[in-house]
Structure formats: C-alpha cells, structure tokens
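Each chain gets a letter, A, B and so on, in the order its sequence line appears, and its residues count up from 1. As a basis for the values below, the full set of heavy atoms in this structure was taken, side chains included, without hydrogen atoms, waters or symmetry mates.
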There are 2 protein chains.
Amino acid sequence: MRCEVVAVGTELLLGQIVDTNSSWIGEQLALAGIDSHFQTKVGDNRDRIASSLRQALERSDAVVVCGGLGPTQDDITRDVIAEVMGVELLHDEAIEARIRAMFGSRGRAMSANNLRQAQVPAGATTIPQMPGTAPGLVCPMPPGHAHEGKVIYAVPGVPAEMREMVAGTVVPDLQRRAGVTSVIASRTLRTWGQSESGLAEMLHDEIERLDREPGATIAFLASGIEGIKVRLTAKAATAAEAEEVIAAEEAVVRSIIGDIVFGVDDETMEHAVVSLLAEQGLTLAVAESVTGGLIGSRITNVPGASKVFRGGVVAYASDVKFSVLGVPEGPVVTEECARAMADGVRKVLGADVGLGVTGVAGPDAQEDLPPGTVFFGLAIGDRVESRPVRMPGDRERIRAFSTIGLLNWLRRRLLDLE
Amino acid sequence: MRCEVVAVGTELLLGQIVDTNSSWIGEQLALAGIDSHFQTKVGDNRDRIASSLRQALERSDAVVVCGGLGPTQDDITRDVIAEVMGVELLHDEAIEARIRAMFGSRGRAMSANNLRQAQVPAGATTIPQMPGTAPGLVCPMPPGHAHEGKVIYAVPGVPAEMREMVAGTVVPDLQRRAGVTSVIASRTLRTWGQSESGLAEMLHDEIERLDREPGATIAFLASGIEGIKVRLTAKAATAAEAEEVIAAEEAVVRSIIGDIVFGVDDETMEHAVVSLLAEQGLTLAVAESVTGGLIGSRITNVPGASKVFRGGVVAYASDVKFSVLGVPEGPVVTEECARAMADGVRKVLGADVGLGVTGVAGPDAQEDLPPGTVFFGLAIGDRVESRPVRMPGDRERIRAFSTIGLLNWLRRRLLDLE
C-alpha cells in the first residue's frame with residue numbers, strides 16, 4: 001500500500017507558511033507501515049491541483065490531500081476531487097446541520113459561504129471526526145474509474161483538525177485497505193536518552209519473539225530533539241482485543257525500556273514534567289543561563305502550567321547569577337554554579353523544585369570551554385545535585401538539547417528513577 | 001519563467017525533518033518575481049528522483065533540487081542529474097583541490113568518499129559560493145535534449161550552504177534567464193506594525209511612479225510573525241549601477257515607511273534590538289509573564305547577545321511579580337503591572353532598560369479578561385511607560401506576537417520614533 005501526500009495552498013509555495021502537515025502525515029504513515037514515496041505542494045489552482053491528484057493516483061494507491069476545505073472561493077479541493085472522480089458535488093444535510101449547530105453554540109451567525117463546506121462528492125463519505133466546520137472526506141474512485149479501488153482522503157489544513165482526522169480515520173482506513181481486515185490499534189511511546197541502535201539492541205529479543213509469535217509489532221522513528229519514538233501496533237478481531245494486545249505489549253516494552261519513556265502519543269516532555277509536578281503537588285522554578293528562557297517558554301506552552309510553574313530567572317550575565325541567585329562568585333560554567341543556580345532560584349521564587357543550567361552555546365568558547373559544554377543543576381528537598389553533559393550541534397541545537405535534557409532529568413528524579 | 005523545487009531525502013518523507021528549505025526557496029523565488037507552481041519531496045531513490053526531475057522540466061523552465069549532494073552512497077543527486085541530462089559525470093580537479101584544502105584547514109583527513117563530491121555532470125558548472133564540501137551545480141540541458149534551454153540547479157540540503165548558493169547564484173541566474181540581460185540587485189526591508197494593504201496604500205504613489213518611470217520595483221510578502229517583507233529589485237548595466245538604484249529607492253521607501261522597517265534582508269527583530277542596544281551602550285533586562293521566557297530565548301538566539309542582555313525574570317506566578325520584581329500587590333493583568341515589571345526587573349538585574357509583559361494567553365480567561373489581552377511595559381531612564389495591545393490567534397500565536405511586538409516597541413523607542 002502506497003500513499004502520497006498533496007498539500008494545497010499558494011501560501012505554502014510562497015513560503016509564508018512552512019508545510020509541517022505533510023511531515024506529520026508522513027510520520028504517521030511510516031509508523032503505520034504504509035509506504036509514501038512523494039509529497040507535493042501545489043497552489044490554489046484548479047488545474048494544478050487536479051493534475052497533482054491524478055498523478056498521485058497514477059503512482060500510488062491512495063492520496064491524502066490537505067487544505068483547501070475552507071468556506072471561501074479559494075477553497076476548491078472539494079470541487080477538484082469531484083472532477084477527478086468524475087462525479088457531482090451533492091449537498092449533505094447532516095453536515096449542514098452540524099455546521100449550523102457549531103455556529104449556534106458559539107453564538108455566531110453562519111454565512112452562506114459555509115454551506116459550501118456541506119458539499120460532498122457523490123460516493124464519498126465524511127470523516128466522523130469533525131472538530132471544526134470543515135468536514136474531512138473519504139473519496140473512493142467510483143466503479144469504472146481508471147483508478148477504481150484507489151482512494152483520496154481530504155483533510156483540512158488546520159493542524160489540530162487534520163491530526164484528529166488522520167489518526168482517527170485515514171490511517172486506520174489505509175491499514176484496512178492494505179489488506180488487514182482486522183482492527184488495528186497503535187500507541188507511540190516517546191523516549192529520551194537512548195540512540196536508535198541502543199533501543200534496537202535493548203528490544204532485540206522482544207522483536208525477535210514478536211517475529212515468531214502473533215502479537216504486536218514494534219517500529220522506531222528518530223525525531224530529532226523530540227527523541228526517538230517506539231510505535232506499537234496490533235491487529236485483532238475487535239478494537240477491544242487490539243487494545244488488550246497493545247496494553248500487554250506496552251507492559252512488556254516498558255519492563256525493558258520503561259524508564260526512558262517520557263510520554264505516550266502526543267505527550268511532550270514539558271507535558272510530562274508539568275503532569276508529574278501537579279500529581280506530586282510540587283512547584284517549579286528554573287534558573288537559565290545558556291538556554292536564555294527556552295525552558296520557561298516550553299513549560300509555559302503547556303496550558304495549565306500556572307498550577308505548578310512559579311517562574312524563573314534568566315541569569316545571562318555572570319553577576320546576575322551572583323546577585324539575584326546567590327551563586328558564589330567565581331567561574332560560572334561549572335557544576336558548582338549549576339547547583340547554586342538550582343538551589344538559589346527555588347529559594348528566590350519560593351518553589352519546591354529548582355532547575356539550573358549553565359554552559360557554552362557558542363560560537364565562541366567561554367572560560368576556555370568549547371561550545372556544547374553544559375552543566376545541569378537540580379534541587380529537590382535536601383538533594384542539590386549537578387551533572388556535566390556534552391551537547392552536539394550548533395548554538396540552536398545545543399540550547400534545544402539542553403532544555404529537553406534537563407527536563408528529562410527532572411522527570412526521572414520525580415519518578416525516583418535516579 | 002517558472003521554477004519548481006524538488007527536495008531530496010527519505011528523512012523528509014518520514015517526517016524526521018521538516019522541509020523548511022523549500023519554503024525558503026519558494027519565498028526567494030516569489031520575491032524575485034519567478035513563478036513556482038509545484039514543490040515536491042522525494043526520497044533517496046534513483047528512479048523516483050529522476051521521474052521528479054523529468055516531470056519538473058516538463059512543467060517548468062527550471063528546477064532547484066535541494067539535498068543529496070553529500071559524500072555518502074545515499075547521496076545520488078549528482079548521478080541522477082547526469083542521467084536526466086544524458087551525460088557522463090566528470091571529475092573536477094579544481095573542486096577536488098577546494099575540498100582537500102577545506103579538510104586540510106580543519107586538520108582532518110579527507111575520506112575517499114569525499115571525492116564523489118568532485119564529480120560534475122558534463123556541461124554543468126559549479127556554483128562559486130561553496131561554504132561546505134558540497135559544490136552546488138548549474139546544469140543546463142545539453143543541445144538536442146528534449147528540454148534544451150531548461151536548467152537544473154543542485155544545492156546542498158544544509159540550510160546555510162543552500163541559502164548562500166540560492167541567493168548568490170540561483171536567483172540571479174534565473175532572473176538573467178528570465179530575459180533580463182542586465183545585472184539585478186535586490187534588498188528586502190522587513191517591516192512590523194502594518195498590514196499588507198496598509199503598506200500598499202502608503203506606497204501606492206511610489207509604486208505608480210515606478211510603473212511609469214524606469215527604476216526599481218517593489219513587491220510585498222506577508223511572513224506571519226516575522227512581519228511583512230518589502231522587496232526592492234533593480235536592473236542595471238552593472239552591479240554598481242543596480243546597487244545605486246536600490247540605494248536610492250531604499251531611501252525613498254524609507255522616507256515613506258521608514259519607521260516600521262526593523263531590518264534588512266536576513267536581520268531579525270532580535271538582531272535589530274541587540275544591535276541598537278550595543279550601539280547605544282545600553283543593557284537590557286526583561287520581565288516576562290505571558291511569554292514565559294520566549295523573549296529572553298529569542299534575544300539569546302543572537303550570537304553576541306551577552307554584550308547587552310543581562311537576563312530576565314519569568315514572573316509567572318502573581319506573587320513572584322510582587323516579591324521578586326516589587327510589583328504592588330493587586331491585579332496583574334494591567335498596565336500598572338506591566339510598568340512595574342519593566343521598572344522592577346531593570347533594578348533587580350542592574351540593567352539600563354527594562355521590558356515587562358503581562359497578559360492572557362488562554363485558553364481560559366484571567367482576571368475576567370479574554371485570551372489575547374496583553375500589556376507591554378518599557379522603562380528607559382526616567383520614562384516608565386505601558387500600553388495595552390490585543391493579540392490574535394491561539395496560545396502560541398498570542399505569545400509569539402507579544403514577543404515581537406514588545407521588541408518592536410523597544411526598537412522604536414531606541415530610535416526615538418515614539
């Protein structure tokens with residue numbers, strides 16, 4: 001089963017928006033074991049969208065087209081799919097009712113344009129997940145069509161809406177079409193702190209066992225500063241059974257690599273840390289030098305972070321470390337400084353837990369230490385600790401890796417893993 | 001003149017890397033007045049890269065192919081281009097010498113694999129800009145070829161190398177092929193604080209004048225939280241003359257919209273602020289609530305920020321604003337609080353200039369104020385001021401717009417524009 005992605009929108013070609021949707025869909029397809037050989041970006045132009053869809057159907061078994069489902073005259077994906085299928089657009093009363101209800105619940109009047117969104121190509125079905133006013137579509141090529149048996153999925157360009165539909169309908173439907181008549185369930189365990197080859201080695205025996213015996217399958221996906229994802233997939237006769245297989249396999253995998261798993265599915269490292277702090281009734285303060293505010297900004301990206309996050313001190317200048325955080329005067333790219341920052345910031349801000357990070361982001365060396373030299377500090381209760389780390393890459397990556405690395409240390413400490 | 005972009009790399013299809021290169025190239029093409037109707041991502045597969053290039057040549061006059069120029073066996077872009085051109089790969093002694101010299105100057109031994117990078121399709125020329133070991137290529141289709149007269153440009157996937165080559169060679173060469181025999185120069189003025197239609201209105205008379213008289217041309221490009229870019233382009237017989245026309249036009253445009261221009265070409269808002277502070281010998285401290293560290297993290301993205309940036313306080317909890325920054329107790333989503341934060345943080349951190357920002361990022365209201373309600377504070381010398389702003393969008397955009405909006409206010413104040 002091969003599936004291409006076509007992203008629609010002139011703003012994507014002009015570079016006004018970076019097309020992160022295709023990347024995300026590509027990752028989901030890879031994790032689901034579906035090949036994807038091409039991704040195309042095309043503008044809001046009828047002929048060019050049609051030619052992209054026709055070519056994708058030529059080369060592949062399925063196409064996910066993303067964007068162009070809004071209510072304006074520019075949004076022509078629906079129309080073009082109908083043209084490619086060789087069918088009419090029909091008005092869908094049930095979708096109109098849903099759109100009306102959505103506007104009603106927000107106390108807004110629906111414009112006539114929005115009725116365009118209730119148009120569905122004949123023979124297509126709408127995707128049950130519908131978080132916005134744009135319905136997603138499953139459009140099988142009709143009997144007698146040159147590409148009969150192939151399918152176009154249309155999802156909105158709004159990332160949250162697209163994700164819900166791709167995860168909830170598109171991927172399961174693709175897996176079903178790939179010949180899997182049973183129900184498929186999957187779960188992604190997000191890990192930090194091991195290389196892909198290290199993970200493969202740890203899970204080697206389990207993967208061999210799964211090759212021999214029926215059950216789940218395991219796949220890896222390296223995701224840069226988001227760590228490495230381990231995807232578990234299981235087929236069974238019913239959803240409940242598939243979930244049971246996944247749950248059992250998750251238990252096995254966690255018994256082997258459990259302490260490096262920081263989140264499940266879409267859960268980020270900062271979500272994990274905020275949740276753990278909230279569960280344990282602890283508050284957090286951070287003292288940042290090399291990261292310059294990045295840790296605070298990631299934590300406050302989590303809605304509800306205010307329950308646990310008191311704030312931080314960005315102590316970029318050395319003497320701010322001394323005067324505001326009470327760090328003893330002396331060299332500042334040291335373990336001692338990281339510890340004193342962590343301990344100082346929790347006292348100054350009245351938090352239960354303090355984090356500190358100092359280091360060299362480059363391009364220049366500092367205190368004779370090369371870029372990538374970083375020290376973490378962590379203060380909880382009576383324990384005030386530090387550790388040296390080496391971060392790879394340029395200024396941006398050193399700062400990003402330092403952020404997630406330190407949050408991961410806190411996560412492990414809160415779980416009593418270290 | 002139509003030009004497509006083909007990005008090569010299996011990691012792009014798998015979503016391990018987001019393809020920001022194509023977006024950047026698309027923007028450069030748009031700014032240079034070159035149409036681009038399709039962008040394609042394809043994996044490291046010989047047949048599929050070849051079919052993507054052939055199709056792009058079919059539909060367009062030129063192709064920029066990005067990636068696959070490295071030294072490993074996976075890097076096959078050179079080979080595929082030679083195949084599409086129907087020519088042999090030749091060894092380029094001059095490129096080999098440059099690669100050897102590059103390794104020598106870094107004190108590293110060159111592996112035999114790197115010699116692959118000195119292979120050039122017959123009839124192609126190398127791009128003079130060569131910041132890494134991968135040479136870029138200009139590959140005109142040879143006489144008798146079905147697409148004679150069309151051209152493939154190959155540039156590396158490393159963003160910094162790609163950008164230097166696209167800006168230095170690819171775009172000027174495309175403009176030359178577009179029929180412009182004279183030299184072309186261009187400059188981008190980056191603006192903040194006006195809508196695209198507002199800018200068009202302000203520059204309406206000047207654009208009309210340029211339509212009637214020879215000189216530069218003006219184009220706009222909306223770039224989200226990076227503001228709106230105004231691109232000036234001029235043709236002349238020599239580079240010096242073109243630069244002169246650009247400089248004269250820049251002066252005219254700045255006399256009309258000058259105070260909303262924050263940077264030129266790749267200069268970001270944080271670069272502008274750091275430069276202005278350095279010129280004026282001022283140091284900065286920031287007090288962040290709603291942005292949670294984002295302002296500090298952007299400023300410290302600028303290499304050399306340590307000369308002017310002392311640090312900040314992320315005062316997320318209300319009582320941290322009171323205890324650490326000396327904000328008077330009371331409601332915290334107010335102009336008074338923003339002022340007190342700005343004034344407090346420069347005192348606590350010993351800086352000349354203080355910034356403060358407080359507001360509601362959502363999803364929930366706070367102090368009965370809806371998400372998007374934000375107050376800026378700014379303290380320089382005797383002046384301690386505040387202003388209310390309304391930010392659009394979700395949590396992420398409210399925080400991003402607040403960051404650049406406040407930095408822009410500081411920029412304007414440092415320039416005595418307000």
Picking from [options], which has the most non-hydrogen pairs under 4.5 angstrom with chain A?
{"options": "Thr10(B), Asn45(B), Val18(B)", "answer": "Val18(B)"}
{"options": "Gly312(B), Gly26(B), Ala317(B)", "answer": "Gly312(B)"}
{"options": "Gly292(B), Ser318(B), Ser306(B), Ala361(B)", "answer": "Gly292(B)"}
{"options": "Val6(B), Leu14(B), Val42(B)", "answer": "Leu14(B)"}
{"options": "Asn301(B), Thr283(B), Ile295(B)", "answer": "Asn301(B)"}
{"options": "Gly296(B), Ala7(B), Ser323(B)", "answer": "Gly296(B)"}

Heavy atoms only, distances under 4.5 angstrom: which of [options] has the most pairs with chain B? Name it, please.
{"options": "His37(A), Lys229(A), Glu27(A), Glu11(A)", "result": "His37(A)"}
{"options": "Ala30(A), Ala285(A), Gly293(A), Ser22(A)", "result": "Gly293(A)"}
{"options": "Pro303(A), Ser289(A), Ala315(A)", "result": "Pro303(A)"}
{"options": "Gly15(A), Ser297(A), Gly43(A)", "result": "Ser297(A)"}
{"options": "Val320(A), Val313(A), Val345(A)", "result": "Val320(A)"}

Are there more than 12 heavy atoms of other residues, nucleotides or ligands under 6.0 Å from atom [atom1] of [X]?
{"X": "Arg2(B)", "atom1": "CZ", "value": "no"}
{"X": "Arg395(A)", "atom1": "CZ", "value": "yes"}
{"X": "Arg397(A)", "atom1": "CZ", "value": "no"}
{"X": "Glu367(B)", "atom1": "CD", "value": "yes"}

Candidate pair Lys41(B) and Ser23(A), rule side-chain contact (heavy atoms from CB on, under 4.5 Å), full reasoning: CA-CA 10 Å; Lys41(B) 280 184 262 184; Ser23(A) 305; 3.9 Å; yes
Heavy atoms of Leu13(B) and Ser36(A) approach each other most closely as CD1-O, 3.4 Å
Report which part of [X] has an atom under 4.5 Å of a heavy atom belonging to chain A: side chain, backbone, both, or neither.
{"X": "Val302(B)", "value": "backbone"}
{"X": "Pro363(B)", "value": "side chain"}
{"X": "Thr40(B)", "value": "both"}
{"X": "Ile17(B)", "value": "backbone"}
{"X": "Ser51(B)", "value": "side chain"}
{"X": "Arg48(B)", "value": "both"}

Assess whether side-chain contact (heavy atoms from CB on, under 4.5 Å) is satisfied between Ile299(B) and Tyr316(A), documenting all intermediate values. CA-CA 11 Å; Ile299(B) 289 174; Tyr316(A) 213 59; over 6 Å; no
Evaluation steps, side-chain contact (heavy atoms from CB on, under 4.5 Å), between Val348(A) and Val324(B): CA-CA 7 Å; Val348(A) 175; Val324(B) 180; 4.0 Å; yes
Distance alone, cut at 3.5 Å: any donor-acceptor contact between the side chains of Gln55(B) and Gln55(A)? yes
Will you find, in the side chains of Thr300(A) and Arg399(B), an N or O donor that is under 3.5 Å from an N or O acceptor? yes
Between the CG atom in Asp319(A) and the CZ atom in Arg310(B), the distance rounded to the nearest 0.5 Å is 4.0 Å
